[in-house]
Amino acid sequence: MSNKPSLQRAQFDQVMVPNYAPANIIPVRGEGSRVWDQQGREFIDFAGGIAVNCLGHCHPALTAALMEQGNKLWHLSNVMTNEPALALATTLIEHTFAEKVYFANSGTEANEAALKLARRYAQDKFSSDKIEIIAFNQAFHGRTFFAVTVGGQAAYSDGFGPKPQGVTHLPYNDIAALEAQVSDKTCAIMLEPLQGEGGIINATPEFLSAVRRLADKHNALVIYDEVQTGVGRTGKLYAYMHTNIVPDILTTAKSLGGGFPIAAMLTTSAIAAHFKVGTHGSTYGGNPLACAVANAVLGQVCQPQVLDGVRQREQLFRAGLAAINEKYHVFSTVRGQGLLLGAVLNEQYAGRSRDFLLASLDQGLMSLIAGPNVVRFAPSLIIPETDIAEGLARFERAVASVVA
Ligand SMILES: *Cc1c(COP(=O)(O)O)cnc(C)c1O
């Protein structure tokens with residue numbers, strides 16, 4: 001701590017492609033929901049690496065799984081299968097609607113696979129002009145060109161030349177707009193069951209049933225992007241489990257590896273059959289290290305007390321945020337579900353979410369934003385209650401400093 005570290009934030013601007021603007025601290029160590037920077041300053045983590053570190057930092061079960069697999073076998077490629085991948089696929093099938101699993105390394109890749117599969121399925125089974133993908137404004141599906149084009153933020157997909165064709169965007173939760181657009185040319189309807197990056201926007205149950213009903217009517221597939229909502233985040237293993245609506249394809253990533261990169265696309269056998277040998281693939285997908293860690297993650301998250309704990313912690317967050325708001329009057333509402341919550345700034349503070357994020361960091365709290373008007377929290381699913389209380393106290397001081 002006495003010596004100045006040789007690697008510093010300023011070097012970022014010299015050596016990195018400037019597509020990020022990281023904070024000026026450099027964290028070096030984490031344990032549970034606490035993180036320390038190079039100077040030994042402590043932070044409470046309400047960000048969870050953007051809904052990734054679902055069991056906090058360095059959870060002993062995950063570290064053990066990584067070490068154990070690290071001493072056995074790291075990588076084979078898909079020329080061979082491996083035990084952790086078979087075990088993980090079996091676990092995912094046991095706990096969801098899925099009958100088949102495809103592994104990838106990131107959310108965007110799982111979505112790319114889902115979109116290609118939906119297109120191939122429609123082409124094989126119906127006709128070559130059944131290509132329309134219906135998606136929603138503000139949606140986020142990742143950054144490959146197909147996924148980002150399906151995402152509903154033109155700012156992310158413009159400026160790269162011609163986009164993949166056949167993608168339509170509609171207002172989220174607008175059943176009439178969907179009814180007017182969907183047709184026999186529609187190949188898939190893709191959505192987040194709770195929009196994350198777009199501002200923590202809950203779907204209405206009526207909208208989700210309309211998606212399912214209209215897709216069925218027109219032989220279109222329903223793709224749920226649960227990259228952010230999955231793996232216990234909303235208090236169920238997957239958000240679709242809060243309803244009686246089941247998608248045809250579901251993508252999961254972020255929390256699935258608890259911090260180790262892995263993603264999966266889940267689907268039925270009938271749909272999966274349209275990916276034949278060679279149709280799609282990935283060098284790392286189903287990597288033994290990643291699958292071993294993800295198995296350990298599911299071993300923890302599938303425990304009923306962890307999922308119940310998410311709902312209890314949600315109440316603590318909601319009560320704490322309400323108490324802060326009583327005093328400072330900064331939010332119009334708190335949206336989201338489970339431990340994916342968005343405090344929406346009221347008119348007086350509109351556009352200032354980043355100010356709250358930076359003020360929080362000054363108080364020793366890591367938080368997130370979801371657009372200019374929403375302060376987002378996506379902490380560990382097992383964050384201790386004392387850390388919630390301490391983090392909210394720090395957040396209150398941050399709010400006080402912004403309001404002052
Ligand atoms: C984060 C996110 C993605 C992209 O995942 P990457 O791992 O960054 O590729 C896709 N969809 C949703 C809903 C996400 O939140």
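Remember, it's 1-based here, ligands and their atoms both numbered in the order they're listed.
- Checking only distances, Gln228 does come within under 3.5 Å of ligand 1, N or O to N or O.
- Looking at Val222 and Pro247, their side chains come closer than 4.5 Å, going by heavy atoms from C-beta outward.
- Protein heavy atoms are found less than 4.0 angstrom from atom 15 (O) of ligand 1.
- Under 4.0 Å from ligand 1, heavy atoms of Ser106 appear from its side chain as well as its backbone.
- A donor-acceptor pair under 3.5 Å is formed between the side chain of Asn173 and the backbone N or O of Asn202.
- Judged by distance alone, the side chain of Arg335 and the main-chain N or O of Ile200 form a donor-acceptor pair under 3.5 Å.
- Under the 3.5 Å distance criterion, with hydrogens and angles disregarded, no donor-acceptor pair is assigned to the side chains of Ser401 and Asp362.
- Checked against the 6.0 Å centroid criterion, the rings of Phe136 and Phe207 qualify as a close aromatic pair.
- Of all atoms in ligand 1, listed by their number and element, those nearer than 4.0 Å to a heavy atom of Gly142 are 4 (C), 10 (C).
- The proximity of Asn111 to ligand 1, defined as any non-hydrogen pair under 4.0 Å, is limited to the side chain.
- Closest to atom 5 (O) of ligand 1, if we only count protein heavy atoms, is Gly107 CA, 3.3 Å.
- The nearest heavy-atom contact from the protein to atom 9 (O) of ligand 1 is Thr108 N, 2.8 Å.
- Closest to atom 11 (N) of ligand 1 among all protein heavy atoms lies Asp225 OD2, 2.7 Å.
- Side-chain contact of Gln38 with Gln8: a donor-acceptor pair under 3.5 Å is absent, judged by distance alone.
- Considering backbone and side-chain N/O of Val227, none are found under 3.5 Å from N/O of ligand 1.
- A donor-acceptor contact closer than 3.5 angstrom is absent between the side chains of Thr234 and Thr229.
- Residue-ligand proximity, Glu192 to ligand 1, at heavy-atom distances under 4.0 Å covers atoms 13 (C).
- Here the protein heavy atom with the shortest distance to atom 10 (C) of ligand 1 is His141 C, 3.4 Å.
- Comment: Arg394 engages Glu42 in a salt bridge, judged by a side-chain N to carboxylate O separation of less than 4.0 angstrom.
- Of all protein heavy atoms, the one lying nearest to atom 2 (C) of ligand 1 is Lys254 NZ, 2.5 Å.
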